[in-house]
Amino acid sequence: MKSHVITATPSDPDGLLSAAGTEAARHQNFRPGLFLHDLWVLAKARVVSLLVFTAAVGEILAPNALIHWQSALAGLFGIALAGGAGGVLNQIVEPDLDQHMRRTLHRPLAEGRISRRGAIVYAALLMTAAIAILAWGTNPLTLILTLAGTVGYGVVYTLYLKPSTPWNIVWGGLAGALPPLIGWTAITGSIAALPVVLVLLVFVWTPAHFWPLAINCRRDYAKACIPMLPCTHGIDRTRKEVLNYAILTWVVSMIPAFLTGDWIYGGIAWLSGAWFVGMALRLKALPEGQEMDQYARSMFAYSISYLFLLYTALILGKLVMGYGFF
C-alpha cells in the first residue's frame, strides 16, 4: 500500500520542500487520459449509470413523456450530475478507508492522484450544474427530491450511517432508490402510486444486492473498521437477511403488474424473482469457504442484471400493451 505521508528533512523541518516536490511531480506526470478516467471513477459513473437508467424508466412510464422531452432530458442530466456529486462526496470522506479495501484502494483520492481540495471543487461544480439544469428544465419537486437523494447518500449515509450501524445499507439505500420517482416527477410534477412502488422495489432490492458483496469483502470491511452486517452479526445472519430481502424484492416486484395489468412484465418479474430467491437459497446453503465467497460475488453481479431486466420489462410492457397509469 502506498503511503502519502510527507516526511521532513533536517534542512526542511516543516516538510514544505517535500510537499512542493510531490506537487511538482504530480504536474510533471499529468496525463489527460488518466485524469479524465479519474474524474469518471471519482463520480462513480458506473453506479450513476444505473441511477440514470431507473430514472429514465420512470420518465418513460410517465404520461405524455414524449411531449415533455425537454424536461425528461433535463431530469436525466440533472440526476447524472447530482449522482456524480454524491459519489465524489462519498470518496472525499473515505480516502483512508478506501486504502484498506482491495476494490477501492486504487481510487484517485486513495492513491493521491487527485487532492481532496480538487475533489471538493469537482463536487461543487457537478452539484451547481445539476441544480441549474433541474431548476431551469424541470420543477421544484424534482429538484427537492434530487437534492434529498444526493445529501442522503453523500452526507447522511457516508458520514453517519455507514460508520455507525450494520443496517447502513438498508436506510442508506433509500437515497439510491429515488431516481424512478424523480424521473416521473420531472415529467408530471406530481407523485403517483407506480413510481412510489418502483422506489420501494429498489429500496428492498438494495440489501439483497449489496450484502453478498459485503460477504465477499468482509475481511476488508473488518480491517477498515466498517460495521457491515457480516462483520457485526456473522455470515449466517447475513445470508438469512439476504434471503429475506430477496423474497421481499420478489413480492414487491409483482405489484407493478397488478397496478398496470401488464402480464408481460408480470411473467418476467415472477421468473427472474424466483431465480433471485433461488440464488439466495443456494448462498445460504453453501458451507463457508472460497466457493461461498465466489458465489456471493456472482449473486452480487446477477442482482444488477436482475434489476436492469425488471425495469426493461416495464418499458416493454408499456410499448406492447399501452396501458395508462394512476
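Counting begins at 1 with the first residue of the sequence. Since the model is a prediction, treat every value here as computed from it, not as a measurement.
The side-chain hydrogen bond (donor to acceptor under 3.5 Å, both in side chains) pairs that include a residue from residues 146-159 are Lys44-Tyr153, Asn90-Thr158, where partners are two or more places apart or lie in different chains. Residue pairs satisfying the salt bridge (Lys or Arg N to Asp or Glu O under 4.0 Å) criterion with at least one member in residues 293-308, sequence neighbours excluded, are listed as follows: Arg218-Asp293, Arg219-Asp293. Within the structure, the salt bridge (Lys or Arg N to Asp or Glu O under 4.0 Å) test picks out the following pairs touching residues 239-253 (sequence neighbours left out): Asp236-Arg239, Arg237-Glu241. Applying the ring-ring contact (aromatic ring centres under 6.0 Å, His included) definition to pairs two or more places apart or across chains, none involves residues 115-144.
Side-chain atoms of Lys284 and Val242, non-hydrogen and from C-beta on, never get closer than 4.5 Å to each other. Between Trp263 and Val320, every side-chain heavy-atom pair lies at or beyond the 4.5 Å cut-off. A 4.5 Å side-chain heavy-atom check between Lys162 and Met228 finds at least one atom pair inside the cut-off. Residues Ser253 and Tyr265 form a side-chain contact, since some pair of their non-hydrogen atoms from C-beta on lies under 4.5 Å apart.
Taking the side-chain hydrogen bond (donor to acceptor under 3.5 Å, both in side chains) definition, one finds that Asn244 meets it with nothing, sequence neighbours left out. Ser303 is linked by a side chain to side chain contact (heavy atoms under 4.5 Å, CB included) to Trp205, His209, Phe276, counting only residues two or more places apart in sequence or in another chain. Applying the ring pair (Phe, Tyr, Trp, His ring centres under 6.0 Å) rule to Tyr311 yields no partners; only residues at least two apart in sequence or on another chain are considered. The side-chain hydrogen bond (donor to acceptor under 3.5 Å, both in side chains) check on Thr185 picks up Thr142, with sequence neighbours excluded. Partners of Asn168 by side-chain hydrogen bond (donor to acceptor under 3.5 Å, both in side chains), not counting sequence neighbours: none found.
For the residue pair Ala124 and Thr128, the shortest heavy atom distance occurs at O-OG1, 2.7 Å. Taking each heavy atom of Ala175 and Gly152 in turn, the nearest pair found is CB-C, 3.9 Å. Of all heavy-atom pairs between Tyr221 and Cys231, the closest is CB-SG, 3.8 Å. The nearest pair of heavy atoms linking Leu194 to Pro256 is CD1-CB, 3.9 Å.
For the side chain to side chain contact (heavy atoms under 4.5 Å, CB included) with Thr249, the qualifying choice from Leu307, Val277, Val204 is Val204, the only one to do so.
Using a 4.5 Å cut-off between side-chain heavy atoms of Ile, Leu, Val, Met, Phe, Trp and Tyr, Leu143 falls into a hydrophobic cluster with Met127, Ile131, Leu134, Leu147. Taking Ile, Leu, Val, Met, Phe, Trp and Tyr as hydrophobic and joining them when side-chain heavy atoms fall under 4.5 Å apart, one finds Val121 in a cluster with Leu125.
In this pair, Phe300 and Phe210 present their aromatic rings perpendicular. The plane angle is above 60°, beyond the 30 to 60° band.
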I'd like a table of donor-acceptor pairs (distance under 3.5 Å, sequence neighbours excluded) in which one partner is a side-chain atom from residues 52-78, with atom names and distances.
{"residue": "Thr54", "atom": "OG1", "partner": "Leu50", "partner atom": "O", "Å": "3.3"}
{"residue": "Thr54", "atom": "OG1", "partner": "Leu51", "partner atom": "O", "Å": "2.9"}
{"residue": "Ser71", "atom": "OG", "partner": "Gly137", "partner atom": "O", "Å": "3.1"}

